[in-house]
Novice: 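Right, I'll just put the structure down here and ask away after.
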Amino acid sequence: MTAFLIRRLLSAIPVLFVVTLVTFLIMWLVPGDITAEIAGPDATAAELAAIRERLGLDRPIWVRALAWYGDLFRGDLGYSYLLNRPVVEAVLERLPVTLSLTALALTLATAMGMLLGILAAVRHNTAVDQGAMVTALIGLSIPDFWLGVVLIILFGVWLGWLPTGGFVPLAEDPVGWARSMALPAFTLAVTQMGVIARMTRSAMLDVLSQDYIRTARAKGMRRRTVIFRHGLRNAMIPIVTVVGVITGVLLSGAVVIETVFSLPGVGRLIIGAIQRRDFPIIQGGLLVTACVFVFVNILVDMLYAWFDPRVRNDR
Amino acid sequence: MTAEPGTTAAPPLSLAQEVARARRRRRIVFLRRLLGHPSFLIGFVILLAFVMTALLADWLAPYGPTRIHFRAILAPPSADHWLGTDGFGRDILSRIIHGTRVSLRIGIFVVLFTGILGTILGTLASYISWLDGLIMRGLDGLMAFPGVLLAIALAAALGPSETNAIIALTVTFTPRTARIVRASVIVVQQMQYIEAARAVGAGHGRIVFRYILANALSPLIVQLTFVFAVSIIAEAILSFLGVGPPPPAPSLGNIIADGRTYIQEAWWITVFPGLVIAVAVLGLNLMGDGLRDVIDPRQHSTRDTGGR
């Protein structure tokens, strides 16, 4: 298992290299004078010159790339002139909200999706199966940010049951926190629930048609035990893979949903930075989110190897 | 002697003619199976309706999409304005009808460019071994950006416009498509008929285009229907965040963005364009599912939703 982990960590190096390179190059795509964008409309000529000096915009691009990597190794993602603070600080401070929203949505999506998928597989080719699959497909087709706004209108404006937005820290008021996270997490979960439901169903159908399932039934085991102990456990590997894919989708979904529900996460920071044209923050937020995703993927692979020993010893 | 009808007068066929005829017959069987598949048929009808709406927008829309009705600002749905009006007094139905054009254009171009780039990169990677590592590591790096986050950042850097949205989405969706092409080309390369073609002296170009790509095409087509669906949603996300096609020209996404200011008093601005997106995407998903079932009946309806 340790050898597998090391191999997996090494394979993340080229990925991180491309991620950092792309993040660096995005700045270079911006048309026009980026200094004025970074400094904001009120900057003086001296400030502009200072920024140009600091970013080394007069130097060739490969020198700037080297400087970018040098800063990265020292954990420096640049400085936001509009927020007047280092980018790392601003991003890391917002990260917990984004991560907790993603985790909450992932838990909800997995629970609802697996339930739906198992139900569909067990009642294969019945109305229950079809209903579950239609629900899953509709979930997949709904734009999540739109669903968020519609739920705000429904529960916030019309019924008045939940807040229309805003955030309450968990440490301050757990009930308020749950109320502020309920709609965003549910919104994100609905769209990804479908993916898990479909994968669970097909994996369960594959497993349930195996001979050992028939044997287990034939020797008089209870149906529920067969489905969960023999069926689900063996269907977990494809499900875990999808959960990995979905985490990425949820992470980027969280970025948009935070804006819809006014939650102070990395997403809202990035979107705010886009509106203010605060490029260091955009770069930093993008880079940190991508690194989180790379890390999650390693975690998923470890989980995968734990479920299936063949993966560990492969290659 | 009674011959079967249809074959009586037929002159003996050459081998090439025989092959062409068999190919045609197989194509007809395939189309018949496709149109007999309920999900594909429903999806196809929805897509057709969507395309017709976009093409006939000038005739279908009751008003111009940017025409301002001063007497009907934030008017709820009524006989004059079926889906109500927005904060400027513009007719929502007309804006939605014209907005479908933007979604369709973005969808078509992203599918086209993603398909071309994905095919080139995927084929190069699987065919030229020293390029494989380089291309695949690059694509892995691009796929490390979760969902449409890369597209959002790219669109923000390039500036809000339809062209830039297409560029941003193509960059985001090409890696997964290239991977799918590469995987299926690798499978086809090991088939005996490729060896046979090589043995009778077919050149690289002929082998790649005539045999490999032709046989590796189906997973790509299924993938592209999903790219189309995700592009429509992604356009809406970009516009909602203010980095998509800019107002006042309507797009399904920027109508929803307009509606955000008025969620307290005018739900119709938000609700209807989103419904249209959901129905269009549902149609494309149904089509993709149907295609996959018919092309590869062994595989169950599972799907890799990369990139939302």
Side-chain angles (χ1 to χ4, degrees), chain A residues 14-19 21-23 26-27 29-31 133 137-138 140-147 149-150 152-153 157 164 191-192 195 198-199 201-203 205-206 238 242 245-253 255-256 259-260 270-271 274-275 279 282-283 286 289-290 292-294 297, chain B residues 39 133 137-159 171 229 232-233 236-237 240-243 252-253 256 259-260 263-265 267 270-271 273-275 277-286 289 299-308:
Chain A
V15 172
L16 286 175
F17 173 72
V18 177
V19 166
L21 190 66
V22 170
T23 315
I26 278 179
M27 190 84 128
L29 287 174
V30 182
M133 283 307 102
L137 197 64
I138 290 176
L140 271 175
S141 307
I142 294 177
D144 46 10
F145 72 96
W146 172 76
L147 182 65
V149 183
V150 171
I152 289 177
I153 293 177
V157 179
T164 54
T191 51
Q192 294 311 306
V195 185
R198 286 158 64 123
M199 185 49 101
R201 174 176 177 269
S202 78
L205 283 179
D206 275 350
V242 194
V245 175
I246 279 176
T247 311
V249 182
L250 286 175
L251 210 54
S252 88
V255 167
V256 184
T259 313
V260 174
I270 296 178
I271 305 306
I274 288 176
Q275 275 144 13
F279 288 98
I282 301 177
Q283 280 185 310
L286 186 67
T289 320
V292 169
F293 188 39
V294 170
N297 275 327
Chain B
S39 333
R137 290 300 82 74
L139 297 181
D140 282 348
L142 284 178
M143 288 202 300
F145 293 99
V148 289
L149 202 55
L150 182 62
I152 295 173
L154 280 175
L158 292 166
V171 172
I232 290 180
I233 292 186
I237 291 175
F240 184 73
L241 298 175
V243 293
L252 293 176
I256 299 178
R260 258 202 96 192
I263 56 165
Q264 301 281 348
E265 59 265 47
W267 54 269
T270 302
V271 170
L275 277 179
I277 295 175
V279 171
V281 172
L282 183 68
L284 284 162
N285 280 335
L286 284 169
D289 281 355
Q299 219 174 1
H300 296 291
S301 317
T302 53
R303 141 189 198 208
D304 203 353
T305 49
R308 208 190 312 161

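Just the heavy atoms: all of them, side chains too, but no hydrogens, waters or symmetry mates, feed the values below. In what follows, chains carry the letters A, B, and so on, assigned in the order in which the sequence lines appear, proteins first and then strands, with residues in each chain numbered from 1.
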Novice: Quick one: what part of Val243(B) sits under 4.5 Å from any heavy atom of chain A, side chain, backbone, both or neither?
Specialist: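 Answer is side chain: those atoms of Val243(B) sit under 4.5 Å from chain A.
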
Novice: In terms of heavy-atom proximity below 4.5 Å to chain A, should Ile263(B) be classed as side chain, backbone, both, or neither?
Specialist: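 When you check distances to chain A, atoms from both the backbone and side chain of Ile263(B) fall under 4.5 Å.
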
Novice: What is the minimum heavy-atom distance between Thr270(B) and Trp146(A), and which atoms define it?
Specialist: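 So the two residues come closest at O-NE1, 2.8 Å.
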
Novice: Report the option among Ile270(A), Asn297(A), Leu147(A), Val260(A) that has the most heavy-atom pairs separated by less than 4.5 Å from atoms of chain B.
Specialist: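 Result: the option with the highest number of such pairs is Val260(A).
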
Novice: To the nearest 0.5 Å, what is the distance between CG on Asp289(B) and CE on Met133(A)?
Specialist: 10.5 Å

Novice: Heavy-atom pairs under 4.5 Å with chain B: which of Ile274(A), Val19(A), Ile282(A) has the most?
Specialist: Val19(A)

Novice: Is it the backbone or the side chain of Leu142(B) that comes under 4.5 Å from a heavy atom of chain A, or both, or neither?
Specialist: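 It is both, since atoms from each part get that close.
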
Novice: With rounding to the nearest 0.5 Å, note down the distance linking OG in Ser141(A) to CD1 in Ile277(B).
Specialist: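 That separation rounds to 11.5 Å.
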
Novice: Of the backbone (N, CA, C, O) and the side chain (C-beta and beyond), which part of Ile152(A) lies under 4.5 Å from a heavy atom of chain B, both, or neither?
Specialist: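 It is the side chain, since no backbone atom gets that close.
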
Novice: Quick check on Gln283(A) against chain B: is it the side chain, the backbone, both or neither that has a heavy atom closer than 4.5 Å?
Specialist: neither

Novice: Under 4.5 Å, counting heavy-atom pairs only, tell me which of Ile271(A), Leu21(A), Val292(A) racks up the most with chain B.
Specialist: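 Greatest number of close heavy-atom pairs with chain B: Ile271(A).
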
Novice: Please assess Ile26(A) against Leu150(B) for the test side chain to side chain contact (heavy atoms under 4.5 Å, CB included), listing each intermediate value before the final yes or no.
Specialist: CA-CA 10 Å; Ile26(A) 278 179; Leu150(B) 182 62; 4.2 Å; yes

Novice: Where do Ala144(B) and Phe293(A) come nearest, in terms of heavy atoms and distance?
Specialist: O-CD2, 3.1 Å

Novice: Any chance you could measure Leu241(B), atom CG, to Phe145(A), atom CZ, to the nearest 0.5 Å?
Specialist: 8.0 Å

Novice: I need the single residue from Ile237(B), Leu149(B), Ile152(B) that forms a side-chain contact (heavy atoms from CB on, under 4.5 Å) with Ser252(A). Which is it?
Specialist: Leu149(B)

Novice: Working to the nearest 0.5 angstrom, can you tell me the gap between Asn285(B) CG and Ile138(A) CD1?
Specialist: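 Nearest 0.5 Å value for the CG-CD1 distance: 11.0 Å.
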
Novice: Leu275(B) versus chain A, heavy atoms under 4.5 Å apart: side chain, backbone, both or neither?
Specialist: both

